[in-house]
Amino acid sequence: MPELPEVETVRADLQGRITGRVITGGQFLWDRTAGRPAADPVALIRGVTGRRIEAVERRAKFLVLRLSGEAALVVHLRMTGRLRFREAAALPGKALRAAFMLDDGSELHFEDQRKFGRLYFTDGAVALDEVLARLGPEPLDEAFTRDTLRDLLRARRAQLKPLLLNQSFVAGLGNIYVDEALFRARLHPLRRSDSLEQDEIDRLHEGIVAALLQGISNRGTTLSDYRDAWGMTGKNKERLLVFRREGKPCTVCGKPITKIRVAQRGTHFCPTCQPLPK
DNA sequence: CCACAACCCTGAGGGC
DNA sequence: TGCCCTCAGGGTTGTG
């Protein structure tokens with residue numbers, strides 16, 4: 001599941017390779033990959049064709065290809081989406097859902113086994129804001145400080161796990177990095193957000209940032225599906241502290257990691273290091 | 001605001 | 001080998 005570190009890895013790689021290229025055409029192989037509001041594959045292809053890629057940016061888990069004329073091609077990988085750079089004449093993957101031709105003969109392929117991923121074409125800043133609406137702060141931005149997090153947490157009273165998964169609370173975390181961040185912060189996933197002391201909030205801030213930065217420095221976490229723009233796996237799986245490590249010893253105390261279900265999501269933690277205060 | 005659940009999807013893995 | 005069932009989960013939508 002691509003989260004902020006995985007999307008950031010793809011962004012950085014593509015930025016250096018496709019910036020300056022012109023999109024000369026494209027096609028959809030699975031029409032529902034075109035996301036709302038337009039949800040129109042024909043209009044999307046028509047919209048991007050002839051435009052130059054000015055920059056490759058990221059907002060939360062969205063990739064934003066800035067196109068000439070204030071337009072953008074926005075990509076959300078969801079669960080199994082992959083954005084692959086293909087040299088000319090490379091064979092497409094079997095889950096190819098959309099393809100874009102570039103003016104140097106290369107292609108940008110959107111592959112997605114489970115068809116949850118979405119592509120959006122936006123024409124102008126207003127349309128882009130619509131696609132990126134209701135997103136909370138970027139956790140790696142300078143503006144995301146301990147004080148920011150404290151104010152956000154105290155304005156809510158939800159359990160930490162579902163709250164951190166909520167993209168309108170903080171943007172970019174998913175199931176893997178939430179569990180990792182909570183472990184680093186030594187906080188139980190069911191703790192209420194308004195119950196945290198200042199030192200716990202500081203630890204959570206630190207845990208979020210550290211978990212994400214480690215993910216980026218390892219080029220993302222590949223459990224099974226994630227690949228970077230070159231088709232390579234990320235190396236962060238071996239560095240995970242709790243996620244998918246149920247029954248294995250905690251790296252801090254040696255007791256087994258527990259898995260429970262919270263908000264319909266598998267949730268991994270160490271009951272000893274992350275106790276739930278009564 | 002918060003909790004819960006269905007939905008969209010397909011492949012992997014378990015049970016028999 | 002094969003069939004059925006469950007599970008995996010990001011985000012949206014709807015209900016209470």
Side-chain angles (χ1 to χ4, degrees), chain A residues 1-8 10 28-39 41 58-64 74-83 93-98 110-120 130-136 138-139 151-182 188-196 211-212 215 220-227 233-234 236-237 240 242-247 257 259-269:
Chain A
M1 351 153 200
E3 305 177 25
L4 188 155
E6 290 73 35
V7 178
E8 177 58 25
V10 173
F28 276 83
L29 293 90
W30 181 256
D31 280 357
R32 291 165 74 175
T33 296
R36 289 186 298 174
R58 180 189 58 74
R59 173 74 172 102
K61 303 176 195 172
F62 290 87
L63 266 169
V64 180
V74 184
V75 180
H76 199 299
L77 302 172
R78 293 281 183 99
M79 303 295 302
T80 57
R82 299 173 180 173
L83 202 54
K94 70 172 179 184
L96 184 65
R97 308 302 178 201
F110 182 76
E111 305 170 354
D112 188 12
Q113 187 68 252
R114 293 172 59 186
K115 302 177 175 175
F116 287 166
R118 292 292 180 267
L119 306 183
Y120 310 85
E130 222 168 283
V131 171
L132 303 180
R134 295 181 298 278
L135 288 174
E138 284 288 329
D151 293 346
L152 288 170
L153 287 168
R154 289 184 176 167
R156 304 288 204 108
R157 51 190 182 82
Q159 298 169 337
L160 289 178
K161 171 83 188 224
L163 190 58
L164 293 171
L165 284 174
N166 185 343
Q167 299 300 294
S168 65
F169 182 75
V170 173
L173 294 168
N175 211 31
I176 299 172
Y177 294 98
V178 167
D179 282 4
E180 295 293 299
L182 288 173
H188 194 286
L190 297 181
R191 281 288 297 278
R192 299 272 164 175
S193 60
D194 58 355
S195 79
L196 268 57
L212 292 174
T221 302
T222 298
L223 296 166
S224 59
D225 295 294
Y226 169 71
R227 299 290 185 281
T233 59
N236 199 52
K237 183 185 173 188
L240 295 178
V242 289
F243 195 82
R244 298 267 172 99
R245 291 194 71 248
E246 59 268 32
I257 299 300
K259 180 179 180 182
I260 60 174
R261 219 165 161 76
V262 181
Q264 299 171 288
R265 296 287 180 263
T267 298
H268 313 73
F269 69 104

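By convention in this document, chain letters (A, B, ...) are assigned in the order of the sequence lines, proteins followed by strands, and residues within each chain are numbered from 1.
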* Please identify each residue that fulfils side chain to side chain contact (heavy atoms under 4.5 Å, CB included) with A/R97, with sequence neighbours left out. => A/W30, A/T33, A/A95, A/F110, A/D112, A/K115
* Could you tell me whether A/M1 contacts a base, only the sugar-phosphate backbone, or nothing, with contacts defined as non-hydrogen atoms closer than 4.0 Å? => sugar-phosphate
* **ring-ring contact (aromatic ring centres under 6.0 Å, His included) involving A/Y120 - partner list, sequence neighbours excluded** => none
* To do: Kindly calculate the angle separating the two end axes of the helix from B/dC2-C/dG16 to B/dC16-C/dG2, each obtained from five base pairs, and round it to 10 degrees.
  => 50°
* Only counting residues at least two apart or in another chain, list the ones meeting side chain to side chain donor-acceptor pair (under 3.5 Å) with A/Q167. => none
* Toward the 5' end of DNA chain B, by each residue's nearest nucleotide, A/R192 or A/R32 -> A/R192
* What heavy-atom pair brings A/A171 and A/G136 nearest, and what distance separates the two atoms? -> CB-O, 3.5 Å
* To do: Whole angstrom is fine here: how far is it from CG in A/N175 over to P in C/dC7?
  => 16 Å
* Please identify each residue that fulfils salt bridge (charged side-chain N to carboxylate O under 4.0 Å, His left out) with A/R191, with sequence neighbours left out. => A/E200
* To do: In whole angstrom, give the distance that lies between atom CZ of A/R261 and atom P of C/dC7.
  => 7 Å
* A/K161 near the nucleic acid: base, sugar-phosphate alone, or nothing, with a heavy-atom cut-off under 4.0 Å? -> nothing
* So what does A/R156 touch, heavy atoms closer than 4.0 Å: a base, only the sugar-phosphate, or nothing? -> sugar-phosphate
* To do: Return the set of residues passing side chain to side chain donor-acceptor pair (under 3.5 Å) with A/E6 (not counting sequence neighbours), or none when no residue passes.
  => A/Y177
* Rounded to the nearest Å, what distance is computed from the CG atom of residue A/N166 to the C1' atom of nucleotide C/dG10? -> 12 Å
* To do: Using atom CD1 of A/I176 as one end and atom P of C/dA8 as the other, report the distance to the nearest whole Å.
  => 14 Å
* Taking all non-hydrogen atoms of both residues into account, name the closest pair between A/V75 and A/L77 and its distance. => CG1-CD2, 4.0 Å
* Name all residues meeting the salt bridge (charged side-chain N to carboxylate O under 4.0 Å, His left out) criterion together with A/R59; count only those two or more places apart in sequence or in a different chain, and write none if there are none. => A/E138
* **With A/Y226 via ring-ring contact (aromatic ring centres under 6.0 Å, His included) - residues at least two apart** => none
* Structure fact -> Per-nt protein contacts along nucleotides 11-16 of chain C (heavy atom under 4.0 Å; B base, S backbone sugar-phosphate only, - none) come out as BSS---
* Looking at every strand, decide which applies to A/F243 at a 4.0 Å heavy-atom threshold: base, sugar-phosphate, or nothing. => sugar-phosphate
* State which residues pass side chain to side chain donor-acceptor pair (under 3.5 Å) with A/K61; sequence neighbours excluded, sorted by chain then number. => none
* Asked: Looking for any heavy atom pair under 4.0 Å, which part of the strands does A/R244 touch: base, sugar-phosphate only, or nothing?
  -> sugar-phosphate
* **Which residues share a side chain to side chain donor-acceptor pair (under 3.5 Å) with A/N166, sequence neighbours left out** => A/S168
* Range on DNA chain B touched by chain A, heavy atoms, distance below 4.0 Å -> B/dC2 to B/dG11
